[in-house]
Each structure stands twice: as C-alpha cells, then as structure tokens.
Amino acid sequence: DSGVTQTPKHLITATGQRVTLRCSPRSGDLSVYWYQQSLDQGLQFLIQYYNGEERAKGNILERFSAQQFPDLHSELNLSSLELGDSALYFCASSVGSTSSYNSPLHFGNGTRLTVT
Amino acid sequence: DAKTTQPNSMESNEEEPVHLPCNHSTISGTDYIHWYRQLPSQGPEYVIHGLTSNVNNRMASLAIAEDRKSSTLILHRATLRDAAVYYCIRTIYNQGGKLIFGQGTELSVKP
C-alpha cells in the first residue's frame, strides 16, 4: 500500500461530459503529480502541484485542469470528454517539489476512465 | 535529453536471477538512475535508485557501470509476482520533480 488514495477506481461516462478524479496524497507529502496512461501513449506526465500551487505542466490538454486544496488533496477535472480520453489516470505524491530527483514517488492505483 | 534505452521485453524462469539492462549514455555526473515497476492493473511502484555505487534493498540490486553509461537491475530470484513492466528513469538535478517514463521492459516469468 503506497498510501496514495485515488477515487473512484472506475468511471464510465459519455462523450461531452465532465468528470472529476480525486487524489489523497501520502500523509506528509506536499507534492501531487498526475499522469495519464493510455495503450498507445504510455505513462504521460500531466501536471504537478506543490503545497497548493502549480509547479510543473506537461502534456495536459486545455480541457483538463487540476487543483490542490489546503488539505493537500488534489482533483483532476476533465471536460468535454472525447473517446480518446479513455485511459488510466494515476496520481503520485512526494514530500518536496523535487523529491523525485533522489527519492521515491509514491503512486496510487489509478482511476480507469472509459468514455463511450 | 533524459532518454534511457531498455529492451522491449525479457523472459525469465521462476527462482532464477534476472538482469534487466538500461543504457543512459548521455548521463551527467549528478543524474540519478531510478527503477520503477508496474504490475498489471496497478500504479508504478518504486524499486530502487542510485547515483554511482551499487545499491541493494529488499526488492533488488542496482549495478551501475563505472562510466555510468549503463546500469542493470538485478532480481535475485524471480517469482511469478515479479512479472511487470520495469522502467529505468534518469532524474536530472534542477529539472523539477516529475518523472519521465519511457516504454520500459516487459518482464515475463515462466513457472
């Protein structure tokens, strides 16, 4: 058990809809990272937050947004969903903003999103 | 460029050692080498990391070449539960906290 909790585990929705994925980091971790994993793209970094502020951005679409709340949990919002957004979405956490340089990142078990 | 190169797939027999190679020929002196693995239907899991010296933990050993241009993850006795995709990742000082995943090596373990 990594200590990172993601909900829901599965989500099925229709094209054009909006969903929210939730992540609770490990106790004491201030950084949250979001990754997308689809069959043809592998694990892609989307965005990082550190102590409530956006720290780094990857290949995140404009239809997607995220935030980190004062209690450090994070939400990833996906809107105007398309079939191609079907994927596994993983959240990871670490203590510092650059901890992954020489310390482990801890990943949750993901949310599987299916867009029909 | 933080690229690493790994074989797409490898096979092993149960209870035998497994050596998973990784090339990182453009590595600089302050870059770390990390290994993560991803079991089916789970999130990536940290395995081990190192800078220059060989490293051991309860999961595996990491052997880093003297010139640091390559490394090998060693599973001393493969079990069926070790079947996973193994990712070798280079982390660069001052490049932020994100990890960049490649395609990894898919390890299958035969009973």
Side-chain angles (χ1 to χ4, degrees), chain A residues 1-6 9-10 21 23 25-26 29-51 53-60 68 87-112, chain B residues 1-6 8-9 24 27-53 55 57-60 62 64 68 71 73 81 84-106:
Chain A
D1 181 10
S2 68
V4 178
T5 304
Q6 291 188 247
K9 288 186 179 167
H10 302 276
L21 312 184
C23 170
R26 267 189 349 152
D29 285 356
L30 299 178
S31 256
V32 170
Y33 311 75
W34 286 97
Y35 283 81
Q36 179 192 54
Q37 185 174 36
S38 56
L39 279 173
D40 57 344
Q41 291 286 334
L43 271 159
Q44 300 286 315
F45 168 73
L46 295 178
I47 197 164
Q48 176 198 1
Y49 277 80
Y50 173 73
N51 205 20
E53 295 195 0
E54 183 184 303
R55 185 54 66 105
K57 230 172 184 176
N59 300 322
I60 188 166
Q68 185 179 27
L88 274 164
Y89 291 84
F90 291 104
C91 168
S93 73
S94 66
V95 172
S97 61
T98 58
S99 294
S100 65
Y101 168 63
N102 58 1
S103 298
L105 277 194
H106 303 274
F107 284 81
N109 280 328
T111 293
R112 182 177 294 279
Chain B
D1 180 7
K3 187 170 174 162
T4 62
T5 305
Q6 300 177 249
N8 289 333
S9 62
H24 26 81
I27 197 167
S28 71
T30 55
D31 296 350
Y32 274 82
I33 292 299
H34 296 247
W35 285 82
Y36 284 75
R37 72 180 185 179
Q38 187 173 19
L39 280 65
S41 301
Q42 294 189 24
E45 173 189 30
Y46 166 80
V47 178
I48 200 166
H49 75 283
L51 184 63
T52 55
S53 308
V55 184
N57 66 21
R58 63 175 179 80
M59 289 181 71
L62 175 60
I64 301 174
R68 301 189 68 237
S71 60
L73 178 71
R81 291 187 57 195
V85 178
Y86 286 79
Y87 298 97
C88 170
I89 300 170
R90 182 177 138 197
T91 58
I92 301 174
Y93 183 70
N94 266 349
Q95 292 279 302
K98 61 184 182 289
L99 294 177
I100 305 298
F101 288 81
Q103 293 306 307
T105 296
E106 184 170 8

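Letters A, B, ... are given to chains in the order of the sequence lines, protein chains preceding strands, and every chain is numbered from 1.
With a 6.0 Å radius and a threshold of 12 heavy atoms from other residues, nucleotides or ligands, Glu54(A) has its CD atom above the threshold. The neighbour count for Glu106(B) CD, taken as heavy atoms of other residues, nucleotides or ligands under 6.0 Å away, does not exceed 12.
The contact between Gln37(A) and chain B is made entirely by side chain atoms (from C-beta outward), counting heavy-atom distances below 4.5 Å. For Tyr101(A), the parts lying under 4.5 angstrom from a heavy atom of chain B are both the backbone and the side chain. Looking at Ser31(A), neither its backbone nor its side chain comes within 4.5 Å of chain B, counting heavy atoms on both sides.
The distance from atom CD of Glu45(B) to atom CG of Asn109(A), rounded to the nearest 0.5 Å, is 9.5 Å. Rounding to the nearest 0.5 Å places OG1 of Thr98(A) at 7.5 Å from OH of Tyr93(B).
The side chain to side chain contact (heavy atoms under 4.5 Å, CB included) test applied to Leu51(B) returns Tyr32(B), Arg68(B), not counting sequence neighbours.
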Item to check | From CA spacing to verdict: side chain to side chain contact (heavy atoms under 4.5 Å, CB included), Leu105(A), His34(B) | outcome: CA-CA 10 Å; Leu105(A) 277 194; His34(B) 296 247; over 6 Å; no

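Closest of all the heavy-atom pairs between Gln38(B) and Leu43(A) is OE1-CD1, 3.9 Å.
Put simply, the residue from Tyr33(A), Phe45(A), Tyr35(A) that forms a side-chain contact (heavy atoms from CB on, under 4.5 Å) with Leu99(B) is Tyr35(A). Across Ser100(A), Ser2(A), Pro104(A), a single residue satisfies side-chain contact (heavy atoms from CB on, under 4.5 Å) together with Tyr46(B), and that is Pro104(A).
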